[in-house]
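Here is the structure we will look at, set down as structure tokens.
Computation of the quantities below employed the complete heavy-atom set of this structure, encompassing side-chain atoms and omitting hydrogens, waters and symmetry-equivalent molecules. Here is the naming used below: chain letters follow the sequence lines, and residue numbers restart at 1 for every chain.
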There are 2 protein chains.
Amino acid sequence: MAENEPGPGGSIEIIQREMTAFARRARASAARMHPELSLVSFTLLSHLEDRGGCRATDLAAYYMLDKSTISRQVGALEKAGLVERRLEPGDHRVQVLHLTERGTGLLQRATDSRRVAFRERLAGWSEPDLERFAEYLLRYNAGAPEG
Amino acid sequence: MAENEPGPGGSIEIIQREMTAFARRARASAARMHPELSLVSFTLLSHLEDRGGCRATDLAAYYMLDKSTISRQVGALEKAGLVERRLEPGDHRVQVLHLTERGTGLLQRATDSRRVAFRERLAGWSEPDLERFAEYLLRYNAGAPEG
DNA sequence: ACTCAATGTTGTACTGTACAACCATTCGCG
DNA sequence: CGCGAATGGTTGTACAGTACAACATTGAGT
């Protein structure tokens, strides 16, 4: 009660609800689109591609996951031949993770089929609307407290 | 680099990436905000409040979850005293689920603290931008293939 | 009455995750 | 130098969330 404001509260409420609704479905949706690459794996590989390789610790920080979780995920990805570990020459504690060719290829295919789905979903949108929506999302995520 | 792409592809790519990034963090984020109410529980309770009660099957369809998953989730929520089951008078197969007072209260508190977080995140935004962003999200989710 | 569909529960297995304990390496400093 | 703290990562353990398959119960149509 009391939040019947037609002003700022209203939009924020809607944004909250709709972002949550999307998040809630994302995993199942991703799983249906790509049985071979879970949402987690997909995002980890994406980050590796984005950065051109990084450390496990960086992944953990970026995705707010425990280092043990990353360790196991990376282990699985390595076993699947999608990433490789390279020892940092100057520091033998760290392993720099890189996509393998196979990883790059799989990521590419996943990204493509996801893009098709998004494109379909956004089919009726005008170009200015798409640009503004993209801009809003960037701005929203840039404000993430987690980095 | 990257965003200098002209045309529809660029924006769609960004939307895809940013929506995914958000989804990826939502769970951990929700967990940190509300250790007592997971993202799943929160969304289930929200739906119940929204609809003023519904069947387990409806929840399963809406969230693309298996009925067994819903069954267990609802079981836990009932055990926690957050929802109650009412037998449909005319059909003893179905149980209509309703929030209890306790469930309503907990949901309210969770929603409030989430709203605070969202509000903070959106602090620098102009009112027209908020409205447009909300509108875009509604429009995007309305196009969900899953209903 | 018999069969079939709808609703939900239970058995089982697997993924993703956190936390704590641990190992290995490096760094800071007396 | 040498030791303790910090950093990066792995392993043990436990638990939540999820799916799939098998099942029980109830209602509907013939």
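B:L44 has its CG atom 13 Å from the C1' atom of D:dA16, to the nearest Å. Straight-line distance from the CG atom of A:L65 to the P atom of C:dT15: 17 Å, rounded to whole Å. The separation between A:D58 atom CG and D:dG8 atom C1' is 11 Å, rounded to whole Å. A straight line from CZ of A:F42 to C1' of C:dT15 spans 19 Å, rounded to a whole angstrom. What separates OH of A:Y62 from P of D:dG8 is a distance of 19 Å, to the nearest Å. The nearest whole Å value for the distance from the CD1 atom in B:I70 to the P atom in C:dT10 is 15 Å. In this structure, B:K79 places its NZ atom 13 Å from C1' of D:dA16, rounding to the nearest Å. Protein atom CD of B:Q73 is 20 Å distant from nucleotide atom P of C:dT7, rounded to whole Å.
Residue A:R93 places a side-chain atom within donor-acceptor reach of the base of D:dT7, judged by atom type and a 3.5 Å distance cut-off alone. In the interface, the side chain of A:R24 is not paired with the base of D:dG17 through any donor and acceptor atom under 3.5 Å apart. Under 3.5 Å, the side chain of B:R72 and the base of C:dT12 form at least one donor-acceptor pair of N or O atoms.
Taking the centre of each ring, A:H47 and A:Y62 come in below the 6.0 Å mark.
With distances taken from any side-chain atom of A:R27 to the nucleotides C:dT17, D:dT18, C:dG8, the minimum falls on D:dT18.
Residue-to-nucleotide proximity on DNA chain C shows that, of B:K67 and B:A28, the 5′-proximal contact is made by B:K67. Mapped onto DNA chain D by nearest heavy atom, B:D66 and B:D91 fall at different nucleotides, with B:D66 at the one closer to the 5' end.
In this structure, B:S68 does not reach the C:dT10 phosphate: none of its side-chain N or O atoms is under 4.0 Å from OP1 or OP2. Taking only side-chain nitrogens and oxygens, B:S71 comes nearer than 4.0 Å to OP1 or OP2 of C:dT9. Distances shorter than 4.0 Å separate some side-chain N or O of B:T57 from OP1 or OP2 on C:dG8. Between A:Q95 and D:dG8 there is no side-chain polar atom (N or O) within less than 4.0 angstrom of OP1 or OP2.
Ring-plane geometry between A:Y140 and B:W125 is classed as perpendicular, the angle between the planes exceeding 60 degrees on a 0 to 90 degree scale with a lower cut at 30.
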Q | salt bridge (charged side-chain N to carboxylate O under 4.0 Å, His left out) evaluation trace for B:D129 with A:R139 | A | CA-CA 11 Å; B:D129 278 348; A:R139 191 162 149 204; 3.2 Å; yes

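Not one N or O on the side chain of A:S71 forms a donor-acceptor pair closer than 3.5 Å with the backbone of A:K67.
Taken from CG in A:L59 to CG in A:L44, the straight-line distance is 5.5 Å, to the nearest 0.5 Å.
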